[in-house]
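Naming: A, B, ... by sequence-line order, numbering from 1 per chain.
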There are 2 protein chains.
Amino acid sequence: MATRKRVTAQDVARLAGVSRTTVSFVLNNVTDMRISEETRQKVLEAARLLNYHPDAVARRMVTGRTRVVGFVLRQSPEQAFADLFLPQVLNGLSQAAARQGYQVLFEPIPPDQPNTMYSRLVNERHVDGIILSGPRFDDEDLLRLHREGAPLVLIGRLPDVEIPYVDVDNIGGARMATEYLIQKGHRRIGLITNAPLSYTASAERLSGYRQALEAAGLAFDETLVRYGNFTPHSGYQAMAALLQVRPLPTAVFVASDTVALGALQAIRHAGLRIPSDISLIGFDDIPLAGFLDPPLTTIHLPAFNLGWEAAEMLLQRLSAEEATPPYRLLATHLVERESCAPPRKS
Amino acid sequence: MATRKRVTAQDVARLAGVSRTTVSFVLNNVTDMRISEETRQKVLEAARLLNYHPDAVARRMVTGRTRVVGFVLRQSPEQAFADLFLPQVLNGLSQAAARQGYQVLFEPIPPDQPNTMYSRLVNERHVDGIILSGPRFDDEDLLRLHREGAPLVLIGRLPDVEIPYVDVDNIGGARMATEYLIQKGHRRIGLITNAPLSYTASAERLSGYRQALEAAGLAFDETLVRYGNFTPHSGYQAMAALLQVRPLPTAVFVASDTVALGALQAIRHAGLRIPSDISLIGFDDIPLAGFLDPPLTTIHLPAFNLGWEAAEMLLQRLSAEEATPPYRLLATHLVERESCAPPRKS
DNA sequence: ATGAAAGCGCTAACAC
DNA sequence: GTGTTAGCGCTTTCAT
């Protein structure tokens, strides 16, 4: 299709019988220049008549700001697209951005594409700043971008780097989950991680689990921990392995609801019942958690807020009125459903 | 933070000792003007030295194209953000767009915000075209945009409007599901829709269900259909109601896996077993479907392809080499798991 | 083979 | 109050 002819401010000015400048002032509601009400109306009417829309590209050209933030997704598809997490983050992000007149450019980075150079987003001025989810510590592009002073906010933490971030209090959440189990009377508590320990969130959840154990005077037993990998399938295998150890743990903390789904199935296949034979507590509180069998007790992750806060932090940095707190840790809370019970008397 | 100083093509030209024009030619690989290898190298070296990045805004200004497509989400949050559908569509969309050098601007439209005027996206030239998911037939903004000739592709259909679209073959999929049940020997088959019938997809799935029934000489019985509303909760209620009718249906087609989750729970609460007491077949094949209890037999919806095809159609229209087929219907297929069995001998 | 110059549509400083 | 004008950084035609 042919490029549609643009109506410019010039056209509006001509029709209204004024200059381009006046049009610009009227349409941007510039009050300094006091413009007669009559002129105002003429301009507004002309704009309406011609169906005039100011050209965002031209405006960006001259203002130097795009009013767009980039959302870079630096995660594997199974992690990012298979769980119910991303949509909510994106939702929070978009709403916070929209509220301040910003748009969101979505940029997933396929993992099999090493040199995507998403730094071009800001270097070529497609966006004013970047929110990056799932930072990897070996991400050269990211580090350079930060050195160059690009406005950047991470969702998820990166150890030893001073980039502003928003994250969930993984340690606190994991501690809470484990304490809950302990308080129910469990002493032999397994752990299935949400992901390999190279992921910060995973290491942190393990750490919270240990803390709770140790605070209760329980020994950390490495034979009771297994490693998930984002997927239900990985949870199935991890739980199957855990069901081999003797004595059996009476409860398991699965640090991801999605992974817990597989664990649930493994337990069913083993002919065991939840929570009477074994208790299970998850992490994330995916929207479906309450409809599993049994409804899953879990730690609620404020996904929407994660996106919202990240956007707020970035936008504040962009408007630069004052220094932003360099990071924010979001609290979790426990959602009690039906997958945990006191251990069997043995 | 202060606006970072931009390195312009002028700077590169100066350092390389050539003109701006030459820089542009070298960097854009314009071959018409044959430029000496020596000059080329000088320019490239200078650009590298200065860490030069061409300004996308300026380029858009002069080329008249943004190389951005808008993804407008015209759906309620519970529909869009609570299921596993959106991320996959978005993934397909982005990959198809990226492959052709396009970026994706994400624009969700909160339902409580009637006058969002997303048409501004194209009118103000934030984007070259729009992919809109979940069109509503009363969307004035959409219709006007189409009349104005804006490049537009829908995900989901709109009756009586000739806007290009990509959609799933809902009728075929629903027929397939119902036929499968019939073929297992069921004669009394209930339906729980995915949403109110004002949603095209919902009406179509109902239609496919009817077709299969009638083709098999089975009467359509209105007392066997109930209406879901995207959520597990609605599925719970619909199934609970269905379990009151006598004689009980021996199988139910739930036209959404998410809704089926609630149906599953209602059946459990009624003390019935799946599939021995009642068979259940879903629709969508959410990633978790195989890990439910029992693993859910369902109709696979090619969500990734939906996004991919929509992008392909839009981009083809933008490059306008030739007329694009105005629509595309994507096939579904049945994924057999363990939630269906022949009816009990009664 | 290289350079000069004309815009793209807008904003904003400055003049009248 | 309103108009004139100078760019923003780039692409691209036309001279040289």
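As judged by a 4.0 angstrom heavy-atom cut-off over every strand, V57(B) is placed among residues making no nucleic acid contact.
Bending across the helix from dA1(C)-dT16(D) to dC16(C)-dG1(D), expressed as the angle between its end axes from five pairs apiece, amounts to 40° (10° rounding).
The side chain of T22(A) contributes an N or O atom lying less than 4.0 Å from OP1 or OP2 of dG3(D).
Not counting sequence neighbours, the partners of Y165(B) by the ring-ring contact (aromatic ring centres under 6.0 Å, His included) test are Y327(B). Not counting sequence neighbours, the partners of R14(B) by the side-chain contact (heavy atoms from CB on, under 4.5 Å) test are Q10(B), D11(B). Residues satisfying the side-chain contact (heavy atoms from CB on, under 4.5 Å) criterion with R65(B), sequence neighbours excluded, are T63(B), R67(B), Y102(B), D128(B), L318(B). Residues that satisfy the salt bridge (charged side-chain N to carboxylate O under 4.0 Å, His left out) test with R48(B), not counting sequence neighbours, are E45(B). In terms of the ring-ring contact (aromatic ring centres under 6.0 Å, His included) criterion, Y52(B) has no residue partners (sequence neighbours excluded). For E37(A), the salt bridge (charged side-chain N to carboxylate O under 4.0 Å, His left out) partners are R40(A), not counting sequence neighbours.
At whole-Å resolution of the value, CZ in F25(B) and C1' in dT2(C) are 9 Å apart. Taking atom CZ on R67(B) and atom P on dC10(D), their separation rounds to 18 Å, with Å as the unit. Between the NZ atom of K42(A) and the C1' atom of dT2(D) there is a distance of 11 Å, rounded to whole Å. Summarising the geometry, the separation between NE2 on H126(A) and C1' on dC10(D) is reported as 13 Å, rounded to the nearest angstrom.
Residue T200(A) comes nearest to R157(A) through the heavy atom pair OG1-O, 3.5 Å, listed as atom of the first residue, atom of the second, then distance.
The stretch residues 88-97 of chain A participates, sequence neighbours left out, in no salt bridge (Lys or Arg N to Asp or Glu O under 4.0 Å) pair at all.
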Close N or O pairs between protein and nucleotides 7-11 of chain C (under 3.5 Å):
{"unit_1": "dC10(C)", "atom_1": "OP1", "unit_2": "Y52(A)", "atom_2": "OH", "d": "2.6"}
{"unit_1": "dC10(C)", "atom_1": "OP1", "unit_2": "D55(A)", "atom_2": "N", "d": "3.2"}
{"unit_1": "dC10(C)", "atom_1": "OP2", "unit_2": "A9(A)", "atom_2": "N", "d": "2.6"}
{"unit_1": "dC10(C)", "atom_1": "N4", "unit_2": "R20(A)", "atom_2": "NH2", "d": "2.6"}
{"unit_1": "dT11(C)", "atom_1": "OP1", "unit_2": "N28(A)", "atom_2": "ND2", "d": "3.2"}
{"unit_1": "dT11(C)", "atom_1": "OP1", "unit_2": "R59(A)", "atom_2": "NE", "d": "3.0"}
{"unit_1": "dT11(C)", "atom_1": "OP1", "unit_2": "R59(A)", "atom_2": "NH2", "d": "3.1"}
{"unit_1": "dT11(C)", "atom_1": "OP2", "unit_2": "S24(A)", "atom_2": "OG", "d": "3.0"}

